[in-house]
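Note on naming: letters A, B, ... go to the chains in the order of the sequence lines (proteins, then strands), and numbering restarts at 1 for each one. No experiment lies behind these values; they were computed from the predicted model shown.
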There are 2 protein chains.
Amino acid sequence: MESASAPRVPATGRRPRGRPRKTLAQRDDGNRRRALIRGAARLFRRKGFDATSTRDIAAAAGMQSGSPFYHFKNKQALLFAVMEEGMRHAVERQQQAVAAAGMEALDPADQLRVLVRSHFEVLLGPGSDFIPVMLYEARSINARQRASLSELRSTYEGTWVPVLQALYASGRLKADVKLARLMIFGALNWSVQWFDRRKEASLDDLTQAALALFIGGNP
Amino acid sequence: MESASAPRVPATGRRPRGRPRKTLAQRDDGNRRRALIRGAARLFRRKGFDATSTRDIAAAAGMQSGSPFYHFKNKQALLFAVMEEGMRHAVERQQQAVAAAGMEALDPADQLRVLVRSHFEVLLGPGSDFIPVMLYEARSINARQRASLSELRSTYEGTWVPVLQALYASGRLKADVKLARLMIFGALNWSVQWFDRRKEASLDDLTQAALALFIGGNP
DNA sequence: CCTACCGATCGGTAGG
DNA sequence: CCTACCGATCGGTAGG
C-alpha cells in the first residue's frame, strides 16, 4: 500500500528480497515522536530542562542531533509536549478512578481518598516523569502554552473543589477551602522530592497519612 | 590604619587630596562577595541555576564577566553559598522566633503556630530568594555540599519533631509523625509557587489555614 | 577586580 | 531523519 515505489534501491542488479524496508524517514512518525517525548520527560526530570541538551534527547531516542527538530519546532515545544501529555494522562487517570469508585455513592472523606490515591499514582507511579516535569519546569514555557495547560489543570483541580467544600460544610475540613486546596496539592506534590519507590512507605501508606493529616482520617 | 601605603598613586607631582581611594581590588571584599550572592539568589530564583549565566550575576553586582571567579571557585560554589546563607538565616530566624515566643510555656498547637509562621516568613518574606533556590535547585550541588547543607537542615527540621510528637501524643495530629512532617513541609514549601505578596492572603492567613488544615485549628 | 581570550557546547538549519 | 554546519553563548582562566 505504501511500499511499491522502489526508486531508492541501489542499482546493483539484484532485486530486494523480503518485505521492502521503509526509508528511515518513513518509519511510523507517531512512534518516533512519542519516543522523543518519553526520553525528554526522563531527562528533563533528572537533569532539568536547561541542563538537558537536544542532543541528549535525540540520543535517547536513537536519533542524530538534528533530528528532534523534524518532529518539534524547538526545544520548548518538546517540553510543552511532555507537560501536555502528562496532564492529559492525569485527567484520564482521575476520571477512571472516579468512575471505578462509583464516586457519587461515597461519602466526601472517601471521595477525597480516591482523588489523593489517584494523584499519588500519577505523581509517583511507574513512568511518572511527566507531571513532575510539568510541576517543576513551568518557568520554561511561554504564556500561550501556560494558558493552554491551565485549562487542563482547571479540569483536574475542579474535581477536587466540591469534595473539599462538602468536607468543609460537614466540619471535617477546618481550613478555608481555597487555601486548603493549595496546601493539599503542595503536600502531595512535594512527595516527588523525597519519595523513594524502594524504601519508605507505599502509595497506600501515603494516602492514609495524607487523609489523617487533612481531615483526621476516617473516624 | 590601612591607607598609608601610597605606591599606586600615579607620579603626577601632585599629592592626592582627601581620603585616599582604595584600588578597586581593595574594596571591601566581604561586601562584593555578598553582592554577588544576593544577585545570584535573585537570578537563580527567577531563571533557574542553569539558565543564569555568570555574566548576568556579574552584571547584577556591577562587575565584569570574569570577576565572580575572583570570589568563587566556580558557578556551583556560588549556588552553594546562596543555599548555605539561606539555611543559616532560616535557622537564625527560627531560633529568634522560638526565643521570642517563650516556646516552653506554650501548648504544642501554639508551638506549631510559631514554627509555621516563622517558616512562611523565611519562605515568602521580603528578600526571600535564598530558601526557594535551595529548595528548587538542590539537583545542581554535589554530594559533599549536599551533606554539608543537610546538617543545617537537620537542625532546622529537628525543632519541629518534638512539637509534632506532642501533637500526635495528645491526639491533635492524627497522621504518622514522619510522614506528617514531610507533608507539612510540602504544603508550606509549595507556597513559593503560588503565593503573591500583592494579592491573596497575608502570612497570618496562611498560618491560620495551615494550622486549621493540619490540626483543626485552635479549638 | 579588569582585559582579553579560549575551548566546548548548544539550539537550530539547509539540503538532501 | 541524517549530514554538515553555523552563530551565539557560556564557564572559566592567565596575567596584570
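- Look at R139(B) and E137(A) and you find a salt bridge, because one of the NZ, NE, NH1 or NH2 atoms lies within 4.0 Å of a carboxylate O, short of that distance.
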The contact string for nucleotides 3-16 of chain C, one letter per nucleotide 5' to 3', using protein heavy atoms under 4.0 Å with B, S and - for base, sugar-phosphate only and none, comes out as B-B----BBBB---
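- H119(A) and W160(A) have perpendicular rings, their planes meeting at more than 60° on a 0 to 90° scale where under 30° would count as parallel.
- In this entry dC10(C) has dG7(D) as its Watson-Crick or G-U wobble partner, both defining distances falling under 3.5 Å.
- At most 12 heavy atoms of other shown residues, nucleotides or ligands fall within 6.0 angstrom of atom CZ in R153(B).
- Judged purely by atom type and a 3.5 angstrom limit, E84(A) has no side-chain atom pairing as donor or acceptor with the backbone of L149(A).
- The aromatic rings of W190(A) and Y136(B) sit perpendicular to each other, their planes meeting at more than 60°, with 30° as the lower class boundary.
- Under the Watson-Crick or G-U wobble criterion, with both distances below 3.5 Å, dG15(D) is paired with dC2(C).
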